[in-house]
Amino acid sequence: MNVAIDGPAGAGKSTIAKKAAKALGYIYIDTGAMYRTLALACIREGLNAGEEEKVCDICEKSDVELVYRDGEQVMLLNGENVNAFIRTEEVSRMTSSISTYKRVREKLLNLQREIASKNDIIMDGRDIGTFVLPDAEVKIYLTASVETRAKRRYDEQTARGTECVLEEIMKDIEERDYRDMHREIAPLKKADDAIVIDSSYMDIDEVTQKVTDEINRRR
Ligand code: DC
């Protein structure tokens, strides 16, 4: 059973996918974390997002592995656990830019399809229902207003003790949405057969319930 959850940044995909996977005994795959790991590799090399050749070379050379430790997805970059470094705003911006490159996407596409072929999974990202797993049994397009998504990110960062400005986060999200939706390869869009859930006025449990109901209906 393959479940695809796509949608813009901050819509709650990972929170919901994680909870639904736990409830159903499926494996949760966060594909954004894979792209983030490659972005971190580029930042560490001192590259600018615009240097396509060099970015693609580094991404191809980097060893990215996804493993599970204590039930959590852990990203390994050349063997190092980088989970603690891939959630910064700098990495988010770099990720959104380098994920537009064909060679970068091809590297991860193979890895994602391989994992999905062997397991019952819930995979979240931008192009899972449209491109990575077009035959997924359940496809969800999870969205929310820009204001709601920015406020959620602001609360997350503040809770982590990171100082931030709501207006800047909102601008950042709008820019990322634009890049993710308008890139040439595998842009973010709703698959024709996806169920749309707008989480702007729903809490986490309500959305999780709706997603698990949809999955159970098709099992
Ligand atoms: O889901 P996230 O915010 O961690 O994703 C970070 C970036 O990675 C996002 O701006 C676009 C890119 N991404 C992608 O292009 N395709 C995916 N399947 C997942 C993420």
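Computed from a predicted structure; not experimentally measured. One-based numbering, in listed order, for ligands and for the atoms of each.
Atom 7 (C) of ligand 1 has as its closest protein heavy atom Thr95 CG2, 3.4 Å. Of the protein's non-hydrogen atoms, the one nearest atom 10 (O) of ligand 1 is Asp180 OD2, 3.1 Å. Counting only heavy atoms of the protein, atom 19 (C) of ligand 1 lies nearest to Thr31 OG1, 3.4 Å. Nearest protein heavy-atom contact of atom 20 (C) of ligand 1 is Gly32 CA, 3.6 Å. Among all non-hydrogen protein atoms, the one lying nearest atom 12 (C) of ligand 1 is Ser99 OG, 3.6 Å.
Neither the backbone nor the side chain of Arg93 comes within contact range of ligand 1; no heavy atom lies under 4.0 Å. Only the side chain of Arg36 comes within 4.0 Å of ligand 1, counting heavy atoms alone; its backbone N, CA, C and O stay farther away. Both the backbone and the side chain of Arg126 come within contact range of ligand 1, each with a heavy atom under 4.0 Å. With a heavy-atom cut-off of 4.0 Å, Arg105 touches ligand 1 through its side chain alone.
Which parts of ligand 1 touch Gly125 is read off a 4.0 Å heavy-atom cut-off, strictly below it: atoms 17 (C), 18 (N), 19 (C). Atom numbering of ligand 1 starts at 1 in the shown order; those under 4.0 Å from a heavy atom of Arg176 are 3 (O), 6 (C), 9 (C), 10 (O). Atoms of ligand 1 found under 4.0 Å from any heavy atom of Ser96 (numbered from 1 in listed order, with element): 10 (O).
For the pair Glu175 and Lys171, the salt-bridge criterion is met [side-chain N within less than 4.0 Å of a carboxylate O]. Arg103 has a carboxylate O that lies under 4.0 Å from a charged side-chain N of Asp57, or vice versa, which qualifies the two as a salt bridge.
One distance of note links CD of Glu72 with CG of Asn81; it measures 10.5 Å at 0.5 Å rounding. Summarising the geometry, atom CG belonging to Leu76 is positioned 13.0 Å from atom OG belonging to Ser62; distances are rounded to the nearest 0.5 Å. Rounding to the nearest 0.5 angstrom, the gap separating the CG atom in Asp30 from the CZ atom in Arg36 is 8.0 Å.
The cationic atom of Arg126 (NZ for Lys, CZ for Arg) does not lie both less than 6.0 Å from the six-membered ring centre of Phe131 and within 45° of the ring axis.
Backbone and side-chain nitrogen or oxygen atoms of Arg183 are examined, and one is located within less than 3.5 angstrom of a nitrogen or oxygen of ligand 1. At under 3.5 Å, a nitrogen or oxygen of Asp127, whether backbone or side chain, sits near a nitrogen or oxygen of ligand 1.
The closest side-chain donor-acceptor pair between Gln157 and Glu89 falls under 3.5 angstrom. Between the side chains of Ser145 and Thr148, a donor-acceptor pair is found at a separation under 3.5 Å. A donor and an acceptor atom, one from each side chain of Ser96 and Arg179, are located under 3.5 Å apart.
Under the 4.0 angstrom criterion for non-hydrogen atoms, Gln112 is not in contact with ligand 1.
Shown here is Ile204, whose CD1 atom has no more than 12 heavy atoms of other residues, nucleotides or ligands within 6.0 Å.
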